[in-house]
Amino acid sequence: MNKYRTHNCDQLRKENNGENIILSGWINKKRDHGNLLFIDLRDNYGVTQCVIDKANSNFVKLEKIQLETVIKVEGKVIKRSNDSINKEINTGEIEVIIKNFYVLGKCKELPLPVFSNQEYAEEIRLKYRFLDLRRKKIHENIILRSKVISFIRNEMNKLGFLEFQTPILTSSSPEGARDFLVPSRLNPGKFYALPQAPQQFKQLVMVSGFDKYFQIAPCFRDEDARADRSPGEFYQLDMEMSFVEQEDVFKVVEKLFVNTFKKFSKKKLLFSEFPRISYKEAMLKYGSDKPDLRNPLIISDITEIFFSEDVSFEIFKKLVNSGSKVRCIVTKNTKDKPRSFFDNIDKWAKEQGASGLAYFTIEKENEVSARGPVGKFFSKKALEEIMSKTGAEVGDSIFMACAKNNDLEKITSLSREKIAKDLDLIDENTFAFCWIVDYPMFEIDEQTNKIKFSHNPFSMPQGEVDKIDFEKPLEILAYQYDIVCNGIELSSGAIRNHIPELMYKLFNIAGYSKNDVEQKFSGMINALSYGAPPHGGIAPGIDRIIMLLANEKNIREVTMFPMNQNAQDLLMNAPSEVSENQLKELNLSLKTKK
RNA sequence: GGGGGUGUAGCUCAGUUGGUUAGAGCGAUCGCCUGUCACGCGAUAGGUCGAGGGUUCGAGUCCCUUCACUCCCGCCA
C-alpha cells in the first residue's frame, strides 16, 4: 500500500472485481491486436494480465514499449468471461483494465529473452545474470535455496544448536586444498588465508564450552571447478557437538535431512534410517565410497574360482596368478538381451581404458551351462560356485573385470553405473542416503610408498586408546564418516581427536615430528591441552543439497552469482587488476605485467 | 597441467561428398489486426561463419595454430 502498488502481481482474484488498484512490475509479454493490447505484468510473486484498448490515449505509448520495462499501472480489476479464463496463472480469473501507466525503469533491447524456456550459453547468462535470474526456473531455484536455508536454521535452533560466525580472514593451513591468500597491509610480507572450512574454529568453539554449534559457513578453496563444484567458494552447514559418539551425530543429521527432503521434494526417501556401510564393504560391493544406492547392482569378488581347474579362461588365470583380482556384476534375467547389449558394454569398457568386460549368461537345459564368448571356459562346477557366491540364477548374466586394486575398483564402479543405466534400473524419483563409516586412518601413498593420513588427520582412531596397535597403522580405523545421497558425496565428518598425546603419535606415523605438529597446529594443540571435551561433527554441502532438491545437475543453477570455470565473475569483472598504489600499500610487486 | 565437446544474425539453431548471392524460428523496426494468454498476418533491417595462417580454381565446410565457453581427469585435509 504505497505509491507503487496496492497489490502484487499474484494477489488479485475475482473477489476484487471492480476495485481500482495499482500494480508495478516488469512487462513479461505483450500481445498486440492492433486495437487491443494485452500486457502480462510480472513481479517476484506472479503474473497479472493487463488490458488497454485504442480508446485510451496511452495505447500508442504502451504499444511501443520494450519488454522487461518496469512500469506502474493504475487500473480497474474486472472478472474475465468464462471462456477467457487462464488456468495457468493464479490471477487467471481477472484482468486489469489499464487507465494510466508510468515508466519506472526503461529497458534496452535484451541480450537474452527473459520470457522463454530455451537454454542459453553460460557466458551470456553469467554476464547478464540479473536478467537470467528473472527467468522462472532459476528464480524459483534461488527462492528454494533461501527457504531451505531458513528451514535448516530453524531446525538446528530447535535441536539446541547455537549459530556463530567465525573469522573470514584467518591463517593459511598446511593441509588440504590450495588457499586463497590476502596480503596484510599492517604486517608487510605476511598473508591471511580465507578459511577452507571453519574446522579449527568449530573445534575451538567446543573447547570453549558452547556444546552445540552450527553455521551456514562460506568456505574458500582454490581448486578447479566441476559441474557440482563452484570454483572458489561454497557453503557448508557446518556443525559440531560436544560429548557425542558417532551415532549421536548420525541421529541429528538423519532427522534434519529426512525433514528437509520431505518438506522440499516430492521424491521418495528410500531409507528413513540411512544404511551404514563400511568403507571396505563399499569399495568391494560398489567399487566406490560414494555409492548410488538407487542402483541395485552389486559387485562380487570371484577371484578364488580362477585358481581352480574348473575354469580354463587362461587370460584371466594368468593375470590372477600375477596378483590381479576378478570381480563381477550380475544382471537379473538378461538371457533374452540381444548380443549388441553385451557387446556395447564390453566396447564401452574398453573405451574407459579397461581390458574390457568378459561376460556370459547362465542357462540350463539338462545341466547348468554358460552362453557367450567366454562361456565355454567355465565348467558346471565353476558356474555353480559363482552362482552360490553371487546369488546369480539361471537366466542371469555375469560381467567380469580383471585388474589390480584401484583400477579394478574404478572399472567395476563405472560398469555398475553403465549397466544400470542401459538396463534402466535407477529410479529417478527416489533419494537414497547412506553413511560410509570405518575409514582407515592411514593409507599408502601410491607415489611415494609412504604412509599418509587417508582422510582428516584430526579424526579419532577407533578402539580403546591404550589398546591401539600403532605397529600396524594400516589396520587402524577412524571415527570418520561420509554421508552420500544418490552417488553424490554431501559431506565428510568425524569424531575428533581431542587428546594431544594421541595426536602426536598419529602424526608421527605419518612422518611429522612433535615439533612439526606444534608449529603447524599450535592454536589447536594448545587449546586441546586445557581441558577439551570429546567432540565431533560434520559439514554437509548446502549447494549440493539444493541441487538435489531442485533436481539440477549444475551448481550454477542454484547459485545466485556464480563464477565461470576459470573462476571469473563476468558480471562484476573479477578478478581484476589493481592500482600501483594499492600494491605499494601492501608491499607487493608483480613479476609479470601485461 | 592433460583429454573431449561447442563456437554461424541480438538469442536458439540448420547448413549434405568443398561449389554461385549463408538460411529458419524467436527478438528488433515498420505496417495490418478488439479477446489473446507461445495471439495472428505482411514487410524490412541485421553476418569478418570466434581469431590468425595454410591447402585449393573455389573454404562456414579440409589442415595447422590460437582464443573463449563447457564437460571430464589431475586437484578437492
Side-chain angles (χ1 to χ4, degrees), chain A residues 28-42 47-56 59 63-64 66-68 78 80-89 91-93 95 97 107-128 131-132 135 173-179 195-197 199-200 219-232 234 351-353 410 414 439 441-443 447 452-459 478 480 489 492-494 496 507 510 512 520-521 539 541 553-554 556 563-566 568 570:
Chain A
N28 197 47
K29 192 69 188 166
K30 287 191 298 182
R31 288 174 297 280
D32 187 354
H33 291 238
N35 294 310
L36 182 71
L37 172 66
F38 295 100
I39 287 181
D40 291 339
L41 198 66
R42 183 197 73 236
V47 172
T48 302
Q49 174 167 285
C50 305
V51 203
I52 188 165
D53 76 14
K54 207 159 195 175
N56 188 310
F59 182 88
E63 206 180 18
K64 299 287 175 201
Q66 179 75 37
L67 292 183
E68 292 305 310
I78 60 152
R80 296 200 204 181
S81 64
N82 282 338
D83 58 341
S84 62
I85 287 173
N86 183 354
K87 286 178 182 148
E88 303 288 312
I89 54 174
T91 60
E93 287 189 310
E95 63 192 359
I97 306 293
C107 182
K108 298 200 282 188
E109 188 178 339
L110 294 166
L112 66 98
V114 171
F115 177 70
S116 166
N117 293 319
Q118 261 178 348
E119 298 204 26
Y120 302 96
E122 295 270 354
E123 198 172 359
I124 195 104
R125 291 184 58 194
L126 295 184
K127 189 169 176 190
Y128 296 96
L131 290 178
D132 191 39
R135 296 170 64 219
S173 66
E175 299 281 325
R178 213 175 283 117
D179 281 317
Q196 295 184 22
Q199 179 66 37
Q200 297 198 42
C219 303
F220 306 90
R221 296 178 191 175
D222 189 1
E223 294 299 328
D224 289 353
R226 290 287 183 279
D228 63 351
R229 198 168 84 199
S230 291
F234 61 97
E351 283 165 9
Q352 303 306 306
K410 199 170 157 192
L414 287 172
Y439 277 85
M441 191 85 212
F442 300 101
E443 65 184 11
Q447 263 137 39
K452 64 168 188 179
F453 287 109
S454 64
H455 247 73
N456 186 328
F458 301 112
S459 299
Q480 167 84 44
E489 184 194 318
S492 287
R496 322 295 173 187
F507 269 94
Y512 297 88
K520 286 177 176 168
F521 309 105
K553 295 263 185 301
N554 195 300
R556 289 184 296 273
M563 295 199 282
N564 69 10
Q565 194 163 45
N566 292 322
Q568 297 160 340
L570 299 177

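Numbers restart at 1 for each chain; the letters A, B, ... are given by sequence-line order, proteins then strands. Being a predicted model, the structure only gives us computed values, none of them experimental.
In this structure A/Gln568 satisfies the side-chain contact (heavy atoms from CB on, under 4.5 Å) test together with A/Asn564, A/Asn566, A/Leu570, A/Pro575, sequence neighbours excluded. With sequence neighbours excluded, the residues forming a side chain to side chain donor-acceptor pair (under 3.5 Å) with A/Asp83 are A/Ser81, listed by chain and number. Looking at residues two or more places apart in sequence or on another chain, you find a side-chain contact (heavy atoms from CB on, under 4.5 Å) between A/Ser454 and A/Pro440, A/Glu443. Contacts of A/Gln196 classified as side-chain contact (heavy atoms from CB on, under 4.5 Å), with partners at least two apart in sequence or in another chain: A/Ser173, A/Ala177, A/Asp179, A/Arg221. With sequence neighbours excluded, the residues that form a side-chain contact (heavy atoms from CB on, under 4.5 Å) with A/Asn554 are A/Glu122, A/Ala227, A/Arg556, A/Glu557.
In this structure, of B/rC33, B/rG35, B/rA77, it is B/rA77 that holds the atom nearest to the side chain of A/Pro457. Proximity note for A/Phe115 (side chain, C-beta onward) versus B/rC76, B/rA38, B/rC37: the nearest is B/rA38. The nucleotide whose nearest atom lies closest to any side-chain atom of A/Glu109 is, among B/rC37, B/rA28, B/rA38, B/rA28. Ranking B/rA77, B/rC76, B/rC37 by closeness to the A/Ser84 side chain, first place goes to B/rC37.
In terms of phosphate contacts, A/Arg31 brings no side-chain nitrogen or oxygen within less than 4.0 Å of OP1 or OP2 of B/rU36. In terms of phosphate contacts, A/Lys64 brings no side-chain nitrogen or oxygen within less than 4.0 Å of OP1 or OP2 of B/rU29. For A/Lys29, a side-chain nitrogen or oxygen approaches OP1 or OP2 of B/rG27 to under 4.0 Å.
For A/Gln66 against B/rG27, a side-chain-to-base donor-acceptor contact under 3.5 Å is absent. Residue-to-nucleotide contacts include a donor-acceptor pair under 3.5 Å from the side chain of A/Arg80 to the base of B/rC37. Side-chain to base pairing of A/Gln49 with B/rU36: one donor and one acceptor N or O lie within less than 3.5 Å of each other. Evaluation of atom-type donor-acceptor distances gives a pair under 3.5 Å for the side chain of A/Arg229 against the base of B/rC75.
Following rounding to the nearest Å, A/Tyr120 (OH) and B/rG7 (P) show an atom-to-atom distance of 18 Å. If you measure from atom CZ of A/Phe220 to atom P of B/rC75, you get 24 Å, rounded to the nearest angstrom. Counting to the nearest Å, the C1' atom of B/rA38 and the CG atom of A/Asp32 are 16 Å from each other. Here B/rG40 presents its P atom at 15 Å from CG of A/Leu37, a figure rounded to the nearest Å. The interatomic distance linking A/Arg178 (CZ) with B/rG1 (P) rounds to 10 Å, in whole Å. Separating the CG atom of A/Leu112 from the P atom of B/rU12 is a distance of 8 Å, rounded to the nearest angstrom. The CG atom of A/Leu67 sits 11 Å away from the C1' atom of B/rC26 (whole-angstrom rounding). Remark: P of B/rU36 and CG of A/Asn28 are 19 Å apart, rounded to the nearest angstrom.
Nucleotides B/rA45 and B/rU36 place their C1' atoms 28 Å apart, quoted to the nearest Å. Of the P atoms belonging to B/rG60 and B/rG25, the separation is 24 Å, rounded to the nearest Å. A distance of about 12 Å separates the C1' atoms of B/rC57 and B/rG18, rounded to the whole Å. When the P atom is compared between B/rC75 and B/rU61, the two are found 39 Å apart, to the nearest whole Å. The P atoms of B/rA59 and B/rG54 are separated by 12 Å, rounded to the nearest whole Å. The gap from the C1' atom of B/rC67 to that of B/rG50 amounts to 7 Å, rounded to the nearest Å. If you take atom C1' in B/rG46 and the same atom in B/rA24, they sit 14 Å apart, rounded to whole Å. When the P atom is used for both B/rU6 and B/rA14, the distance is 10 Å, rounded to whole Å.
The main-chain N or O of A/Thr48 is never found under 3.5 Å from a side-chain atom of A/Glu95 such that the two would form a donor-acceptor pair.
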Given protein heavy atoms under 4.0 Å, the one-letter contact record of nucleotides 66-73 of chain B, with B base, S sugar-phosphate only and - none, is simply --SSBBSB
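Here A/Gln199 lies in heavy-atom contact (under 4.0 Å) with a base. Among the atoms of the strands shown, none is found under 4.0 Å from any heavy atom of A/Phe453.
Atom CG of residue A/Asp32 and atom NZ of residue A/Lys64 lie 8.5 Å apart, to the nearest 0.5 angstrom.
Taking a pair to require two hydrogen-bonding distances under 3.5 Å in either a Watson-Crick or a G-U wobble arrangement, B/rA68 pairs with B/rU6. With a cut-off of 3.5 Å on both pairing distances, the Watson-Crick or G-U wobble partner of B/rA43 is B/rU29. Both distances falling under 3.5 Å, in either a Watson-Crick or a G-U wobble arrangement, place B/rA24 opposite B/rU12. Within the shown strands, B/rC73 is the pairing partner of B/rG1 under the Watson-Crick or G-U definition, both distances less than 3.5 Å.
Salt-bridge annotation for A/Arg229 and A/Asp224: absent, with no side-chain N of the basic residue lying under 4.0 Å from a carboxylate O of the acidic one. Salt-bridge check for A/Arg125 with A/Asp132: passed, with a basic side-chain N closer than 4.0 Å to an acidic carboxylate O.
Aromatic stacking of A/His33 on B/rU36: not satisfied for centres closer than 5.5 Å together with planes under 30 degrees.
Place A/His455 and A/Asp83 on RNA chain B by their nearest nucleotides, and A/Asp83 ends up nearer the 5' end.
Of all heavy-atom pairs between A/Asn28 and A/Phe115, the closest is ND2-CD1, 3.4 Å.
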